[in-house]
Amino acid sequence: MFRKVLSVILAFALTTASVVTVGAAGEELVSAPAAVLMEASTGKILYEKNPHDKRPCASITKVMTLLLIFEAMDSGRLKPDDTITASEHAASMGGSDIWLEPGESMTADDMIKATVVASANDAAVALAEHLSGSEDTFVSQMNDRAAQLGMQDTTFKNCNGLDEEGHITSAYDVALMSRELIKHEKIFDYTSVWLDNLRGGKTQIVNTNKLLKTYKGITGLKTGTTDDAGCCISATATRGKLSLIGVVLGAATGKQRFADAAALLDYGFSNFAIKELTVPDDLPQTLPVEGGMQKEAPLSCQITANAVINKASDDEAHYEISLPEALQAPVEEGEKVGTVLCKIGADEQSFDVLSKEEIPQATFGKVFGFVMDAMLKM
């Protein structure tokens with residue numbers, strides 16, 4: 001039973017990264033019909049405009065395609081030097097492509113480069129077929145992964161984003177899958193490429209993300225344009241400890257898409273910062289143990305989380321340490337014995353306090369054996 005609550009008020013200005021709802025200020029920030037700004041490490045939404053409107057997203061679809069590709073690389077199912085051969089189906093894709101011929105082969109590394117930098121629809125399908133046998137099977141896996149990530153607004157019908165009835169997502173869902181993809185930091189080796197070539201220099205590719213040349217701290221991620229989707233982007237950028245994901249769907253022009261994305265990122269960098277949470281100084285190192293072979297149990301608490309703070313706020317963070325006055329033996333190693341609750345504005349994060357050691361219950365036999373061992377060592 002918890003009977004002791006210690007409150008520690010830390011004197012630094014923090015606040016919840018509260019959502020900016022669509023209103024007077026919201027309408028002025030972006031012109032596109034749907035947008036989301038997310039802080040990457042915490043997943044906090046810093047701005048939203050029609051975040052759950054279900055819309056086509058063009059080649060932003062490839063964020064999920066690339067997520068499955070990088071997960072396959074992590075598991076060893078795909079290696080950068082693997083040979084990928086284009087099928088007739090892959091070579092038949094229209095829109096942005098690298099003009100693959102049926103039977104043409106490239107390394108997985110070059111296919112990924114083409115998918116990311118040139119937004120190549122044919123390369124994306126070739127990779128999908130190589131991993132799953134068919135595009136349909138790969139798309140089913142995309143939808144399964146979307147469900148795992150909580151992407152409730154999303155249905156994928158293909159792996160490259162070409163317009164297709166029922167192929168939809170939302171700005172919020174795009175932010176979710178973008179956040180998951182950039183956990184694979186290798187993706188930035190591709191998204192940061194401005195100009196490169198394939199086929200031994202015969203095919204030149206240029207990055208579709210023009211923010212690479214104009215925005216400080218830009219790291220990626222993916223653009224997309226089709227008749228149904230309009231101009232879309234999931235833009236990622238980092239300055240200092242703050243990493244942002246700005247999603248714009250349905251912009252009228254490419255120029256407006258980049259302007260909206262820059263406005264989202266500017267808003268985030270101007271108003272928010274990251275604070276690394278640490279274990280409170282007042283957290284006890286041990287707790288008494290009743291009826292145990294040891295009188296005290298050493299404690300541990302791992303706090304590695306971040307908090308998004310509003311630069312203009314004077315809100316304070318409050319830590320509440322909840323622990324019993326004593327533990328009752330037996331106590332297991334790693335057993336949860338309490339919590340540390342961090343409150344920042346209306347936001348709360350809870351962390352477990354654990355016993356670092358096993359403390360057996362004291363019995364006559366154990367006590368007798370302990371005494372005998374001690375006497376023998378005298």
Side-chain angles (χ1 to χ4, degrees), residues 1-12 14-17 39-44 71 74-76 144-145 147-150 152 176 179-180 183-185 241 274-309 315-378:
M1 176 179 179
F2 293 103
R3 291 178 290 176
K4 181 171 65 176
V5 178
L6 304 176
S7 297
V8 180
I9 302 177
L10 301 185
F12 54 83
L14 298 177
T15 187
T16 306
E39 194 284 311
S41 68
T42 62
K44 291 290 185 183
E71 289 177 342
D74 287 349
S75 69
D144 289 344
R145 194 70 178 95
Q148 292 170 6
L149 292 176
Q152 299 182 7
L176 285 181
R179 183 187 181 215
E180 195 68 20
K183 292 177 182 178
H184 301 266
E185 295 184 2
K241 296 179 180 179
I274 284 292
K275 176 67 180 182
E276 295 180 0
L277 303 179
T278 59
V279 178
D281 292 338
D282 286 9
L283 180 67
Q285 298 297 304
T286 62
L287 273 181
V289 177
E290 297 177 351
M293 292 296 293
Q294 296 175 209
K295 293 183 178 181
E296 293 182 326
L299 305 180
S300 68
C301 182
Q302 297 295 321
I303 298 181
T304 57
N306 291 332
V308 182
I309 64 174
D315 283 357
E316 294 180 332
H318 302 263
Y319 282 93
E320 294 182 357
I321 304 170
S322 297
L323 293 170
E325 291 183 354
L327 301 176
Q328 186 66 45
V331 179
E332 298 294 328
E333 181 181 355
E335 179 180 335
K336 178 181 175 180
V337 298
T339 60
V340 173
L341 182 66
C342 176
K343 296 182 179 181
I344 307 174
D347 188 35
E348 296 184 356
Q349 296 189 60
S350 183
F351 306 93
D352 292 343
V353 180
L354 309 176
S355 170
K356 292 174 66 174
E357 295 180 5
E358 178 184 3
I359 313 295
Q361 186 175 15
T363 63
F364 176 80
K366 288 179 180 178
V367 173
F368 181 78
F370 178 80
V371 172
M372 292 300 296
D373 286 342
M375 293 178 63
L376 290 172
K377 293 176 181 178
M378 292 178 64

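This is a predicted model, so every value here is computed, not measured.
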**OP:** Give the intermediate values and the outcome of side chain to side chain contact (heavy atoms under 4.5 Å, CB included) for residues Val337 and Leu354.
**Re:** CA-CA 6 Å; Val337 298; Leu354 309 176; 5.9 Å; no

Original post:
For Gln302 and Ser300, what are the C-alpha separation, side-chain angles and deciding distance, and is it a side-chain hydrogen bond (donor to acceptor under 3.5 Å, both in side chains)?
Top reply: CA-CA 7 Å; Gln302 297 295 321; Ser300 68; 5.3 Å; no

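Closest non-hydrogen pair, Gln361 versus Pro330, comes out as N-CB, 3.9 Å. Ile303 and Pro280 make their closest contact through CD1-CD, 4.1 Å (heavy atoms, listed as atom of the first residue, atom of the second, distance). Of all the heavy atoms in Lys241 and Ile274, the pair that sits closest is O-CG1, 3.6 Å. In this structure, Gln349 and Ala305 approach most closely via the heavy-atom pair OE1-CB, 3.5 Å. The two residues Ala329 and Pro360 have their closest heavy-atom pair at CB-O, 4.0 Å. Shortest non-hydrogen contact noted between Leu283 and Val353 is CD1-CG2, 4.1 Å.
Counting only heavy atoms from C-beta outward, the side chains of Val340 and Val279 never approach each other to under 4.5 Å. Residues Ile359 and Leu327 have side chains not in contact (no heavy-atom distance under 4.5 Å, counting atoms from C-beta outward). Residues Pro324 and Leu287 have side chains in contact (heavy-atom distance under 4.5 Å, counting atoms from C-beta outward). Here the side chains of Asp282 and Tyr319 are not in contact, with every heavy-atom distance at 4.5 Å or above.
To the nearest 0.5 Å, the span separating OG1 on Thr339 from CG on Leu323 amounts to 7.5 Å. Once rounded to the nearest 0.5 Å, the distance linking CD of Glu348 with NE2 of His318 reads 11.0 Å. Note: Ser355 OG to Lys336 NZ = 14.5 Å, rounded to the nearest 0.5 Å. Here the CD atom belonging to Gln152 is positioned 9.5 Å from the CG atom belonging to Leu176, to the nearest 0.5 angstrom. The CG atom of Asp74 lies 12.5 Å from the NZ atom of Lys183; values are rounded to the nearest 0.5 Å. Within the model, atoms CD of Glu71 and CZ of Arg145 stand 4.0 Å from one another, a figure rounded to the nearest 0.5 Å.
Between the side chains of Thr278 and Glu276, no donor-acceptor pair of N or O atoms lies under 3.5 Å.
By the 6.0 Å contact criterion, CD on Gln328 is enclosed, its count of non-hydrogen atoms from other residues, nucleotides or ligands being greater than 12.
Residues meeting the side-chain contact (heavy atoms from CB on, under 4.5 Å) test with Glu335, sequence neighbours left out: Val331, Glu332.
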